[in-house]
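For reference, the structure is listed below as structure tokens.
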Amino acid sequence: MPASTEIPSNYDPNRFERPSVTVDVVIFSLVDEDLQVLLSKRPHKPFANMWAIPGGFVQMDESLDDAANRQLAAKTGVTDVYTEQLYTFGAPQRDPRTRVITVAYFALVPYTAIKQDPADNIKTDWFSVYNPPELAFDHHEIIEYALQRLRYKLEYTMVGFQLLPDVFTLSELQHAYEIILGEDLDKRNFRRKILASGILEKTGRKKNEGEGRPAMLYCYRDDAVAEVKTRRLFP
């Protein structure tokens, strides 16, 4: 017998305190040979003029994912990019205004796709994820957690392609992995594993990376499975 959705007649919603819910979106991109995060400067108290992860309150008529995508579009001008729910941060004193629970997401955006013209006219800028400025709220903790998750997913999945342009060389792909993982990878081993995974296809075009033969350009196969069920891929 299906459960009843009828509200009891003695139910009083005012008996319960109502915490506010926000979403914060850690937006990663590869910029100038570095893994960087997009931050926005807070125009109002609390933490006025401090940098923070882009985010905002969840509206009553939208889902968490819709709220995250709304914030992402407002801050970057892009909509069709990789996003993933990260973690829920709910320390009682994390926001001095009131009890605020935030659901953090992270997004991977190719830098060339970003149209940085915030709809709300809030100043935004890119900072190295390894050397961010002093941040509002608990946003240092959120960024550190997002970086840890990204590195984990990079080792077991193909999520790294989301940070690259539509076509790329194997050298560019390896360099992206090295920047995020913070370590050098063996060239021969990397290429063997990435090609064996079956998620790349040749474009038929080449790119001249300097001296020597032009390098083959690859792209991510549309029908490739993003989650690779295997042992750790890299290093």
Side-chain angles (χ1 to χ4, degrees), residues 24-42 49-55 68 71-78 80-84 86-87 104-118 122-187 189-191 194 207-210 215 217-220 232-235:
D24 289 311
V25 186
V26 181
I27 302 169
F28 288 128
S29 191
L30 290 174
V31 187
D32 297 331
E33 303 288 306
D34 188 20
L35 179 64
Q36 299 198 4
V37 59
L38 185 67
L39 300 176
S40 60
K41 180 168 283 191
R42 290 184 54 79
N49 296 316
M50 289 185 64
W51 293 98
I53 300 168
Q71 291 295 330
L72 178 62
K75 298 304 186 296
T76 67
V78 297
D80 188 19
V81 296
Y82 181 90
T83 58
E84 179 179 321
L86 181 65
Y87 193 73
Y105 285 73
F106 77 92
L108 306 180
V109 184
Y111 188 68
T112 54
I114 293 171
K115 303 172 184 177
Q116 200 168 317
D117 184 21
I122 292 177
K123 177 178 174 56
T124 61
D125 206 348
W126 291 96
F127 295 87
S128 173
V129 73
Y130 305 111
N131 187 32
E134 184 178 0
L135 299 177
F137 305 105
D138 53 355
H139 288 187
H140 267 298
E141 179 184 353
I142 295 175
I143 289 177
E144 288 176 0
Y145 193 96
L147 177 59
Q148 180 183 17
R149 172 72 69 83
L150 175 60
R151 284 176 167 173
Y152 176 84
K153 290 189 70 67
L154 198 68
E155 293 175 351
Y156 290 89
T157 74
M158 294 303 160
V159 73
F161 291 99
Q162 309 295 336
L163 289 167
L164 293 168
D166 291 338
V167 296
F168 43 83
T169 67
L170 293 181
S171 294
E172 291 170 338
L173 178 61
Q174 179 176 340
H175 189 50
Y177 274 68
E178 290 174 334
I179 290 172
I180 298 168
L181 293 174
E183 56 185 289
D184 294 333
L185 303 176
D186 178 77
K187 180 177 179 179
N189 189 45
F190 178 89
R191 296 191 175 207
I194 205 72
K207 177 180 179 179
N208 192 341
E209 295 184 304
L217 286 166
Y218 290 81
C219 64
Y220 181 55
R232 182 178 178 185
L233 288 171
F234 310 108

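Fair warning: this is a prediction, and the values are worked out from it, not measured in the lab. All heavy atoms count here, side chains included; hydrogens, waters and symmetry mates do not.
- For the pair Y130/L147, a side-chain contact is recorded, criterion being any heavy-atom separation below 4.5 Å from C-beta on.
- In this structure a side-chain-to-backbone donor-acceptor pair under 3.5 Å is missing from Q71 to D24.
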Start with the C-alpha distance between R42 and F137, add both sets of side-chain angles, then the distance that settles side-chain contact (heavy atoms from CB on, under 4.5 Å), and finish with yes or no.
-> CA-CA 11 Å; R42 290 184 54 79; F137 305 105; 3.6 Å; yes
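- Between Y111 and L30, the shortest heavy-atom contact is CB-O, 3.7 Å.
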Give the C-alpha distance, both sets of side-chain angles, the deciding distance and a yes or no for side-chain contact (heavy atoms from CB on, under 4.5 Å) between I142 and H139.
-> CA-CA 5 Å; I142 295 175; H139 288 187; 3.8 Å; yes
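- In this structure the side chain of Y218 never reaches within 4.5 angstrom of the side chain of L173, judged on heavy atoms.
- Between H175 atom NE2 and F168 atom CZ the span is 15.0 Å, to the nearest 0.5 Å.
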Stepwise, does the side-chain contact (heavy atoms from CB on, under 4.5 Å) test hold for V109 with L38?
-> CA-CA 10 Å; V109 184; L38 185 67; over 6 Å; no
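- Relative ring orientation between Y82 and F106 is described as tilted, the plane-to-plane angle lying within the 30° to 60° band.
- Here Y152 contributes atom OH and L181 contributes atom CG; the two are 13.5 Å apart, rounded to the nearest 0.5 Å.
- Nearest heavy-atom pair across S29 and P110 is OG-C, 3.8 Å.
- Closest approach of L185 and E178 over heavy atoms only: N-OE2, 2.9 Å.
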Do V37 and I27 pass the side-chain contact (heavy atoms from CB on, under 4.5 Å) test, and can you show the C-alpha distance, the side-chain angles, and the key distance before you say yes or no?
-> CA-CA 5 Å; V37 59; I27 302 169; 5.6 Å; no
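- A distance of 4.5 Å separates CG of L108 from CG of L163, quoted to the nearest 0.5 Å.
- The heavy-atom pair separating A52 from A136 by the smallest distance is CB-CB, 4.1 Å.
- To the nearest 0.5 Å, the span separating CE on M50 from CG on L39 amounts to 11.0 Å.
- Side chain of R191 to main chain of L170: no donor-acceptor pair is present (N/O by atom type, distance under 3.5 Å, no hydrogens or angles).
- For the atom pair NZ of K153 and CD of E84, the computed distance is 4.0 Å after rounding to the nearest 0.5 Å.
- For Y87, the OH atom counts as loosely surrounded, since its 6.0 Å shell holds 12 or fewer non-hydrogen atoms of other residues, nucleotides or ligands.
- Distance OH/Y177 to CD1/I194: 4.5 Å, rounded to 0.5 Å.
- Of the possible donor and acceptor atoms, one in the side chain of H140 sits under 3.5 Å from a partner among the backbone N and O of P133.
- For the pair K75/V25, no side-chain contact is recorded, criterion being any heavy-atom separation below 4.5 Å from C-beta on.
- In this structure, D186 contributes its side chain and N189 its backbone to a donor-acceptor pair below 3.5 Å.
- Counting only heavy atoms from C-beta outward, the side chains of W51 and D125 approach each other to under 4.5 Å.
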